[in-house]
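Just so you know, these numbers use all the heavy atoms, side chains as well, and skip hydrogens, waters and symmetry mates. Order of the sequence lines sets the chain letters (A, B, ...), proteins ahead of strands, with each chain counted from 1.
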Amino acid sequence: MRISQLFYQTLKEVPREAQIPSHQLMFRAGMIQQLASGIYNYLPLAYKSIRKLETIIREELEKKGCQEVLLPYVQPSELWEESGRWGYYGPELLRFKDRKGGDFCLGPTHEEVITDMVRKNLKSYRQLPWNIFQIQTKFRDEVRPRFGLMRGREFIMKDGYSFDVDEEASKVTYQKMYDAYTAIFSRCGLTFRAVDAATGNIGGDMSHEFQVLAQSGEDLILSCDTCSYAANVEKAVTKRSEGTRDSSLFEEPEEVHTPGCKTIEEISDFLKMDASRFIKSIVYIIDEEPVLILIRGDLDINESKVQTIMGANSVELADDATVLEITGAGTGFAGPVGLKKKVKILADFSVTSGENFVSGANKDDYHLKNVNYGKDYTPDMLGDITFAAAGESCPHCDGKLEEHRGIEVGQVFYLGTKYSKTMNCSYLDKDGKDQLAVMGCYGIGVGRTVAAAIEQNHDDDGIIWPAALAPFEAVVLPLQMNKEEVVQAGDTIYEELKAQGVDTALDDREERAGFKFKDADLIGYPLQIVVGARSLENGEVEVKIRKTGEKMNLSLDKVASFVKEYIDGEKAIS
RNA sequence: CGGGAUAUAGCCUAGUGGCUAAGGCGCCUGCUUUGGGAGCAGGAAAUCGCAGGUUCGAGUCCUGCUAUCCCGACCA
């Protein structure tokens, strides 16, 4: 590619909107343009990187026997009603009507469509396994899109779905996909961790996220400093169980007047007691049923763990009216004592250690002192529903958990029969009996992975592309465009590199040397081949390695082979 | 959805009720220059987010709307 013809423009300044390095740099390097909140144009440089990632994805998936399709991104409501998700998928699902008044949505994911497609073709166990994927634009009307390609509303995603005869076969497929993902992100030259993940409302009961480690990551992950355990903070567990109490220390409950003290902070200040001496009692609506959740005052409820423990589809806070109806008091004065018959109670292990807690009294402006687990109340369910934290023990070994920030670039789910059941996707087994297909699903955020690569690889001057994702692997920079021999040498090297199969750009613009250097650093070509009058006198050019800043002089006849070798070496790193 | 902020040329900004809306980056022309975003001279480019209002006079004040960003809640 001759850069004089490339559709792009680099900028010295960034719009105020761009907040994180990948967004700023992609903007400055002329890779993306915003069209609306969370919706972007991909310019040639960005799309080249995206296509390179897509190629890696295709190669690795095809090695595992996956097949590529392309499904519609406009989907009829009927399928979503069948799976039940039309009802409880929120406004994130962009819905609209066609001219006949029929309900449609833009696909945020494709479980429904793929399951429908497969069930129409699936007859016999002999056909399975099937593992089908697509790379396509998705739309999710995120409440708060941000950070450029990191969290867009419209984004490119690879989504794949597997269909197996039974759980055992499906778990083999899951492992294959896990391995494929590991290979994909390794080939991209990314530093990442595969972590245990929550399954959210896509359902299923086993999942890993692939997290690229980066400061600006939106996800918090915990990993063991000793073994391979790593998990999203939503899912991370630590060694926890029911605690112990000394019942000889139990005192009788006693009401205490606490006017206006609704939050743990207020009541803790008012009574001059530490937050850990309180039981936080919060009413949730879990699958339309109220549940009172208890946790120690200094801890937070991990809704994801609640969802898992309850096997629920939705977990949300109850509104004030519901709280009043159930507890007989305004929000802020709920407590477990005396509510046993009115509402189901879920307690965290944290309330089972120690004695004489303070909780709400289910009476406006009153709290109850000396509340004891097992004596004054007994929850219906007990479990670990708090967040794990750095410094706690690893659940698998004696190590300690440490904290990292991560960007979720991929996720694999074991779905079981969640969708094949509601949508009746079945086959006949050897005995002629009807069986449900067992499914898995597997996603990669394509644009996000490219952005994550930049988050992880940049400096003050610009992007430092891993060779595998670089829009161009090398750039040739003729410094004096008015000198025939420089232009000639540049052209020759450029042609040689292309002939070697190196994806090369030639900066043939009538610009000064400094300008070309700045642009090359910003765009982040892994190698810069500097053709200048000075070194050309010795029959040499200078090669700069963007990653290390290292510069070396090479004779003209050695350049192409050096570049080829270097790039191949970089791309082989995994 | 709650809280906060912003909206002036393609981009970054100045403009604090009063003359023709100013500067930098970028763009075009010419000259000069050619190893780290050069210099000089000239030029094009703005319905000051939209609508209404206050005022002799509004980019500037008020109201409404829209869009964008930030924090939080949310997020297969």
*Asks:* If I pick the P atom on B:G57 and the same atom on B:C40, what distance separates them, to the nearest angstrom?
*Replies:* 44 Å
*Asks:* If you look at every strand shown and take non-hydrogen atoms under 4.0 Å, does A:Phe147 touch a base, only sugar-phosphate, or nothing?
*Replies:* sugar-phosphate
*Asks:* With respect to the phosphate group of B:C69, does any side-chain polar atom (N or O) of A:Ser37 fall under 4.0 Å of OP1 or OP2?
*Replies:* yes
*Asks:* Taking atom C1' of B:C25 as reference, at what distance in whole Å does atom NZ of A:Lys12 sit?
*Replies:* 6 Å
*Asks:* Please give, in whole Å, the distance from B:G37 P to A:Leu479 CG?
*Replies:* 13 Å
*Asks:* Return the value, rounded to whole Å, for the distance between atom CD of A:Glu537 and atom C1' of B:U34.
*Replies:* 15 Å
*Asks:* With the side chain counted from C-beta on, respond yes when A:Glu167 and A:Thr417 share a heavy-atom pair under 4.5 Å apart, and no when they do not.
*Replies:* no
*Asks:* By the 4.0 Å heavy-atom rule, please label A:Asp519 as base, sugar-phosphate, or nothing.
*Replies:* base
*Asks:* Taking only the side-chain heavy atoms of A:Leu522 (C-beta and beyond), determine which of B:U34, B:C74, B:G37 contains the nearest atom.
*Replies:* B:G37
*Asks:* By the definition ring-ring contact (aromatic ring centres under 6.0 Å, His included), identify the one residue from A:Tyr414, A:Phe210, A:Phe185, A:Tyr442 that meets it with A:Tyr178.
*Replies:* A:Phe210
*Asks:* Starting at CZ of A:Arg153 and ending at C1' of B:U68, how long is that distance when rounded to a whole Å?
*Replies:* 11 Å
*Asks:* Nearest of B:G35, B:C25, B:U33 to any side-chain atom of A:Glu13?
*Replies:* B:C25
*Asks:* Taking all non-hydrogen atoms of both residues into account, name the closest pair between A:Ala29 and A:Leu45 and its distance.
*Replies:* O-CD1, 3.5 Å
*Asks:* Is the distance from OP1 or OP2 of B:G35 to the nearest side-chain N or O of A:Arg534 less than 4.0 Å?
*Replies:* no
*Asks:* Does A:Arg28 reach a base, just sugar-phosphate, or nothing at all? Heavy atoms under 4.0 Å.
*Replies:* base
*Asks:* Please give the distance between the P atoms of B:U16 and B:A73 as a whole number of Å.
*Replies:* 40 Å
*Asks:* With a 4.0 Å cut-off on heavy atoms, is A:Lys138 in touch with a base, just the backbone sugar-phosphate, or nothing at all?
*Replies:* nothing
*Asks:* Need one value for A:Glu303: base, sugar-phosphate or nothing, where a base atom within 4.0 Å counts as base even if backbone is also close, heavy atoms only.
*Replies:* sugar-phosphate
*Asks:* Can you label the angle between the A:Phe472 ring and the A:Tyr525 ring as parallel, tilted or perpendicular, going by 30° and 60°?
*Replies:* tilted
*Asks:* Return the nearest nucleotide to the side chain of A:Glu542; candidates are B:G35, B:U34, B:G72.
*Replies:* B:G35
*Asks:* Atom CG of A:Asp141 to atom C1' of B:C1: distance rounded to whole Å?
*Replies:* 13 Å
*Asks:* Taking atom P in both B:C74 and B:A38, what distance in whole Å separates the two?
*Replies:* 49 Å
*Asks:* Between A:Arg85 and A:Glu111, is the closest basic N to carboxylate O distance under 4.0 Å?
*Replies:* yes
*Asks:* Output the rounded distance in Å from CD (A:Gln9) to P (B:C27).
*Replies:* 6 Å
*Asks:* Checking only heavy atoms, does the side chain of A:Arg151 share a donor-acceptor pair with the base of B:C75 at less than 3.5 Å?
*Replies:* yes
*Asks:* Separation of A:Lys551 atom NZ from B:G35 atom C1', in whole Å?
*Replies:* 9 Å
*Asks:* Picking from B:G24, B:C69, B:C1, which would you name as closest to the side chain of A:Gln19?
*Replies:* B:C69
*Asks:* Of all heavy-atom pairs between A:Arg119 and A:Asp116, which one has the smallest distance, and what is that distance?
*Replies:* NH2-OD1, 2.7 Å
*Asks:* Identify whether any heavy atom of A:Leu477 sits under 4.0 Å from a base atom; if not, whether one sits that close to sugar-phosphate; answer base, sugar-phosphate or nothing.
*Replies:* nothing
*Asks:* Starting at the 5' end of RNA chain B and moving along, which residue's nearest nucleotide shows up first, A:Asn482 or A:Val315?
*Replies:* A:Asn482
*Asks:* Identify whether any heavy atom of A:Glu92 sits under 4.0 Å from a base atom; if not, whether one sits that close to sugar-phosphate; answer base, sugar-phosphate or nothing.
*Replies:* sugar-phosphate
*Asks:* Hey, which sits more toward the 5' end of RNA chain B by its nearest nucleotide, A:Ala513 or A:Gly38?
*Replies:* A:Ala513
*Asks:* At less than 4.0 Å, is any side-chain N or O atom of A:Gln34 found next to OP1 or OP2 of B:C69? Yes or no.
*Replies:* yes
*Asks:* Using atom CG of A:Leu35 as one end and atom P of B:U68 as the other, report the distance to the nearest whole Å.
*Replies:* 10 Å
*Asks:* Thinking salt bridges, do A:Asp300 and A:Lys280 make one under a 4.0 Å N-O criterion?
*Replies:* yes
*Asks:* Within the structure shown, what part of the strands sits under 4.0 Å from A:Ala36 by heavy-atom distance: base, sugar-phosphate, or nothing?
*Replies:* sugar-phosphate
*Asks:* Expressed in whole Å, how much space separates the C1' atoms belonging to B:U8 and B:G3?
*Replies:* 27 Å
*Asks:* For the side chain of A:Val143, counting heavy atoms from C-beta on, which of B:C74, B:G36, B:G35 is nearest?
*Replies:* B:C74
